[in-house]
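All remarks here apply to the structure that follows.
Predicted model, so just to flag it, every value in this text is computed and none were measured. In what follows, chains carry the letters A, B, and so on, assigned in the order in which the sequence lines appear, proteins first and then strands, with residues in each chain numbered from 1.
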There are 2 protein chains.
Amino acid sequence: MGNIHDIARLAGVSATTVSRVLNGHPYVSDEKRAAVLNAADQLRYEKNINAVHLARGKTETIGVILPFVSHPYFGTILGGIAAAAEKSGYKLMIVQTNYHTAQEIEAMDMLKLKQVDGLIITSRECPIELVEDYSEYGRIVLCEALSRDFLSSVFVNQYEAFKSALSFLKEKEKKNIGYTVLRMEGKSSISRKKAYEELFGELRSHWVFDQALTIEDGTRIAGEWASLTDQPDAMVITNDFVAAGFLLECRRLGFSVPGDVSVVGFDNHSISGALNMTTVELPLQQLGEIAFEQVISSETSHKEVPFQLVERGSV
Amino acid sequence: MGNIHDIARLAGVSATTVSRVLNGHPYVSDEKRAAVLNAADQLRYEKNINAVHLARGKTETIGVILPFVSHPYFGTILGGIAAAAEKSGYKLMIVQTNYHTAQEIEAMDMLKLKQVDGLIITSRECPIELVEDYSEYGRIVLCEALSRDFLSSVFVNQYEAFKSALSFLKEKEKKNIGYTVLRMEGKSSISRKKAYEELFGELRSHWVFDQALTIEDGTRIAGEWASLTDQPDAMVITNDFVAAGFLLECRRLGFSVPGDVSVVGFDNHSISGALNMTTVELPLQQLGEIAFEQVISSETSHKEVPFQLVERGSV
DNA sequence: GTAAAGTATGAAACGCATTTCAGCGCAAGC
DNA sequence: GCTTGCGCTGAAATGCGTTTCATACTTTAC
């Protein structure tokens, strides 16, 4: 358990030669190579990766910022990132932020401190300008639509995806459509409202349901929906989990889906298949893989991934 | 963007003093402290964390091995680990193994290379003896029942949890009970069989369904169940997602749950609540938190976390 | 036969912060 | 008046691998 110098001494060579052997560099004679390997073996040598990181100035590690690791939306993106990282021999450092700015900043500091070579931000809370300030320390990829020179991005066109769900419902003669958002003040909230008004004119604000992230949220929102006197006859719902909660609670309350209310989810998570639910498929695994390719690329890029409406039986 | 020596020069002090100031150590005069802080500011100094890691010999980072990051079972454990890590100021390095031994070994090597201070293995594929060999390099926590001197563990008593589900069904007069396992050759498979035979005597081997991990698996298994001439009248299913797939597919095929077949899941994931499904609650978030506490503890320990049957309407 | 190109090797510099040890000055204790 | 101890400070050692540069010896190439 010595270091590279101990090996050098034992093998009768220089530390340089040891390093060359250990890293598979050329220009080492067979005898010296054998001697080094033998000495390393004898000393039960283990590289200290921190010394390598220090010397090389990089860590072959990518940081991933995500609000919740246990939510399937982020879990699936992370799965894609992890699969791509494994192929490229990169390690992954994850930071769960719970949407707290402080955690996000702490994560971005990893880039500054050279703990990670690059950063993937699956969902952002702090100002984009702040993120941009960190781009001098390493590549940053965001999973949202933007076109900044120093930040890469990979995203689904939320506006169009939402609009395609609405258009589909319009075709099906649905006139009173409600929808859910994660947060009223969120970015996607604005684009959704815009898409809605473009297709249906004025929006009744109480047809927009807030805080839609989990199955329980879906359950809750179903209750809210049920208590309305002017119930929407269709709902476009943030993701398949919320949609599942909504759909199941509606049925439990004695309503028929799609008889009384149609449901369109997002993601095409397997839960939507099991529930025979119409949804807009988002290739989240692929999005994660692309994000990883971008973060190790030397150039910034902006990539849109396609969505696709999957028609099933909830409309 | 210089280093600690540049600061020392600019502030007219030694590198030692700079280090003391930067790390909040006592015994530095106010003037020197101010001078150092000022110089650091002027130089826009950023610590190189890799040098710190090298010097200190530790990284305040814990490695987490898990087969799939996007599966809710592991996602929930990871969420618990992440929450605890955040509180303690630790970082998390994750390795997704897909149950491949090679990936597991690569992850364990992080411990040897001093890339992580400790390791949490949420699910293991390689021999326990091999894992034990790595324990000399840092603390390792496994999420399975075992009592090795150099490995910590946190676990649910799978045998008892499974048995409690079976007992519950027995009380409800169910006589023909099938169940699912992740893999026929798996560890839990053996303890399940034992529990089963203890309560019901001989087991019909075609009442055990293999490869039960995802919703789709549940869907598939429902098809297999439906095609049997001697259908079990109750199923105990690996986790709530598989159970959800099973339950929904049974209903789609025209069977009644619990009329034609009862279902008991595991985990008490919110999906089971939405489906009004009876399940055995496993405190996975808490299990993750405990695993983290164990991995940063200086002593090995073995902790069992309680399970609890949650009675709903699928039996 | 000589210049050019390739092979092989090591000394030393580089990346950077932490920590131990030694020492000096001043104040409290007896 | 002398010892003990605390406050403050810095030199040097420590952790460790990579990479550049200089050098010397072989081969090819013409």
Begin from the C-alpha positions of B:Lys91 and A:Glu106 and carry the test salt bridge (Lys or Arg N to Asp or Glu O under 4.0 Å) through to its verdict.
CA-CA 10 Å; B:Lys91 295 283 195 290; A:Glu106 205 180 301; 3.7 Å; yes
Taking only residues at least two apart or on different chains, which pairs with a member in residues 70-82 of chain B satisfy side chain to side chain donor-acceptor pair (under 3.5 Å)?
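As it turns out, there is no side chain to side chain donor-acceptor pair (under 3.5 Å) pair with a partner in residues 70-82 of chain B once direct neighbours are skipped.
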Can you list every side chain to side chain donor-acceptor pair (under 3.5 Å) pair that touches residues 283-293 of chain A, not counting sequence neighbours?
A:Gln285-A:Glu289
Chi angles and distances behind the salt bridge (Lys or Arg N to Asp or Glu O under 4.0 Å) call for A:Glu104, A:Arg124
CA-CA 8 Å; A:Glu104 267 182 48; A:Arg124 172 177 62 88; over 6 Å; no
Which residue pairs satisfy the salt bridge (Lys or Arg N to Asp or Glu O under 4.0 Å) criterion with at least one member in residues 12-33 of chain B, sequence neighbours excluded?
none
Determine which pairs satisfy salt bridge (Lys or Arg N to Asp or Glu O under 4.0 Å) with at least one residue from residues 298-307 of chain B, sequence neighbours left out, and list them in order.
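Those involving residues 298-307 of chain B do not exist here.
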Using a cut-off of under 3.5 Å, enumerate the N/O to N/O pairs linking the protein to nucleotides 12-20 of chain C.
unit_1 : atom_1 : unit_2  : atom_2 : d
C:dA17 : OP1    : B:Tyr45 : OH     : 2.2
C:dA17 : OP2    : B:Ile4  : N      : 2.6
C:dA17 : O5'    : B:Tyr45 : OH     : 3.4
C:dT18 : OP1    : B:Asn23 : OD1    : 3.3
C:dT18 : OP1    : B:Asn23 : ND2    : 3.1
C:dT18 : OP1    : B:Lys47 : NZ     : 3.4
C:dT18 : OP2    : B:Ser19 : OG     : 2.9
C:dT18 : OP2    : B:Asn23 : ND2    : 3.0
C:dT19 : O4     : B:Thr16 : OG1    : 3.2

Determine: side-chain N/O of [X] to OP1/OP2 of [N], distance under 4.0 Å, yes or no.
X: A:Thr17; N: C:dG10; answer: yes
X: B:Ser29; N: D:dG7; answer: no
X: A:Tyr27; N: C:dT7; answer: yes

With a 4.0 Å cut-off, would you call A:Glu60 and A:Lys114 a salt bridge?
no
I need the NZ-P distance between B:Lys58 and D:dC16, as an integer number of Å.
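To the nearest whole Å, that distance equals 16 Å.
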Calculate the interatomic distance between B:His53 atom NE2 and D:dT14 atom C1'; express it in whole Å.
18 Å
Closest heavy-atom pair, B:Ile140 versus B:Val131, reported as atoms and distance to 0.1 Å, is CD1-O, 3.6 Å
Can you list, in residue-number order, the parts of residues 37-44 of chain A that come under 4.0 Å of DNA chain D, counting heavy atoms only?
none
